[in-house]
Amino acid sequence: MPRGVFITLEGLDGSGKTTQIKRLAAWLTRRGQQPILLRQPGGTAIGDRIREILLDSRSRSLDPMTEMALMFGDRAQAIAEVIQPALDAGKVVVCDRFTDSTEAYQGGGRRLGSEVVLELHRQLCRGLQPDLTLLLLPGFAVSLARARNRNQRAEAETGRDENRFETERDAFYRRVWEKYREIAAREPERVVLIEGDLSIDEVHEQIIESVSERILSLAQGR
Ligand code: TYD
């Protein structure tokens, strides 16, 4: 059975993931791949409904354990419906956030710890690991300022309030940021850390370099 290639992008809100995913997708398409793109939470009809509960600022009473469980509910559905079938068909899947987000935000930010997140991942996601994770982690102050700007703008444009996470305090984001660094240090083979305050083009170049080196060779070797 051919197995495709699974790439995830991670980072704080406002780290530029969305822009980079678009550029990576265009690059892959020019090379004859037809990448499957999705984001978490969301990406399936059920996942989009879960996303509404998770991101709406009115979900104030959401318990951290419920939040984590919903993230995994969304993910299990995306794996069953989209990710695993695409990988089985030999495709390249590019996912905007995956279990590292749950470890960083719920494990770190909400202080639930890594252990429970990794255990749920083993059970509910059958341990499915990305072949490559691109972690965009500009300096903490830069990330924070971008996230706040972006979300105010998005709400003004779309009228949709998806700001529940953005109203978190700086200390929350500091813990998320630190947990991401911990994950990168623990799994250097899988996670490529793209740090510093780089331009969009510079980040794109680094992404392409990692994808060419690690992934296309992997795909050819299979
Ligand atoms: P989204 O609007 O998709 O933001 P971004 O473009 O930054 O990814 O919102 C996703 C939010 O959900 C973001 O604040 C991170 C959070 N999140 C978690 O807390 N845990 C998770 O497992 C995932 C996938 C996302």
Side-chain angles (χ1 to χ4, degrees), residues 6 8-24 37-44 46-57 59-60 62-79 82-83 93-114 116-121 124-125 128-130 133-138 140 142-170 172-180 183 203:
F6 186 24
T8 59
L9 271 89
E10 292 284 352
L12 254 69
D13 314 60
S15 55
K17 284 183 289 98
T18 310
T19 309
Q20 293 299 337
I21 285 173
K22 280 191 198 138
R23 293 192 60 174
L24 172 60
L37 309 181
L38 76 164
R39 70 170 175 183
Q40 294 194 345
T44 62
I46 289 174
D48 285 338
R49 286 161 69 189
I50 297 177
R51 179 182 171 91
E52 273 180 38
I53 300 175
L54 279 165
L55 302 191
D56 192 325
S57 296
S59 300
R60 259 183 222 105
L62 200 63
D63 181 79
M65 285 293 185
T66 315
E67 181 179 273
M68 176 173 63
L70 287 172
M71 293 294 179
F72 273 109
D74 164 67
R75 185 162 303 127
Q77 188 66 29
I79 291 172
V82 183
I83 301 175
V93 177
V94 181
C95 194
D96 186 346
R97 299 190 180 281
F98 195 62
T99 296
D100 295 324
S101 282
T102 316
E103 190 178 347
Y105 283 77
Q106 281 66 52
R110 302 271 190 240
R111 301 192 222 236
L112 299 180
S114 290
V116 62
V117 174
L118 297 177
E119 183 56 30
L120 285 172
H121 182 74
L124 300 178
C125 306
L128 176 68
Q129 285 296 4
T133 295
L134 301 153
L135 171 54
L136 311 188
L137 214 55
F140 179 67
V142 173
S143 303
L144 201 62
R146 283 193 202 159
R148 300 229 190 282
N149 257 331
R150 183 197 62 159
N151 285 292
Q152 278 158 13
R153 220 173 38 230
E155 192 182 352
E157 281 163 14
T158 64
R160 287 231 305 278
D161 177 358
E162 289 196 329
N163 291 342
R164 199 171 64 84
F165 281 96
E166 287 73 29
T167 52
E168 286 298 337
R169 286 157 296 120
D170 293 7
F172 172 89
Y173 280 108
R174 168 66 71 179
R175 290 195 295 277
V176 174
W177 193 83
E178 278 167 4
K179 186 57 88 178
Y180 266 136
I183 297 169
V203 173

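Order of listing sets the numbers, starting from 1, for every ligand and every atom in it.
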Review point. Side-chain donor-acceptor pair under 3.5 Å between Ser114 and Glu103, yes or no?
Key: yes

Check your understanding: Are any of the N or O atoms of Tyr105 closer than 3.5 Å to those of ligand 1?
Key -> no

**Study point:** Distance-only polar pair, side chains of Arg97 and Tyr105, donor-acceptor under 3.5 Å
**Key:** yes

Check your understanding: Is the shortest distance from a heavy atom of Arg51 to ligand 1 less than 4.0 Å?
Key -> yes

Review point. Any side-chain donor paired with an acceptor under 3.5 Å for Ser101 and Gln40?
Key: no

Check your understanding: So is Thr102 polar-close to ligand 1, meaning N/O to N/O under 3.5 Å?
Key -> yes

Check your understanding: Evaluating non-hydrogen atoms only, which member of Thr18, Leu55, Ile21 is closest to atom 11 (C) of ligand 1?
Key -> Leu55

Revision key, fill the gap. Candidates Met68, Arg110, Met71, Gln40; heavy atom nearest atom 17 (N) of ligand 1 found on Met71

Review point. Hey, does Arg39 come in under 3.5 Å of ligand 1, counting only N/O atoms on both sides?
Key: no

Review point. If you count the atoms of ligand 1 from 1 in the order shown, which ones are under 4.0 Å from a heavy atom of Lys17?
Key: 5 (P), 6 (O), 7 (O), 8 (O)

Review point. So is Gln106 polar-close to ligand 1, meaning N/O to N/O under 3.5 Å?
Key: yes

Review point. Does the side chain of Thr133 reach to within under 4.5 Å of the side chain of Phe98, using non-hydrogen atoms?
Key: no

**Study point:** With sequence neighbours excluded, residues passing side-chain contact (heavy atoms from CB on, under 4.5 Å) with Thr66
**Key:** Leu62, Asp63, Leu70

Check your understanding: Should Leu144 and Trp177 count as side-chain neighbours, where that means a heavy-atom distance under 4.5 Å?
Key -> no

Point to revise | Ligand-side contact atoms (ligand 1) for residue partner Asp13, heavy atom cut-off under 4.0 Å | key: 7 (O), 13 (C), 14 (O)

**Study point:** Contacting atoms of ligand 1, where contact means under 4.0 angstrom from a heavy atom of Arg75
**Key:** 22 (O), 24 (C)

Review point. Who are the side-chain contact (heavy atoms from CB on, under 4.5 Å) partners of Val203, not counting sequence neighbours?
Key: Gln20, Leu136, Ile194, Leu198, Ile207

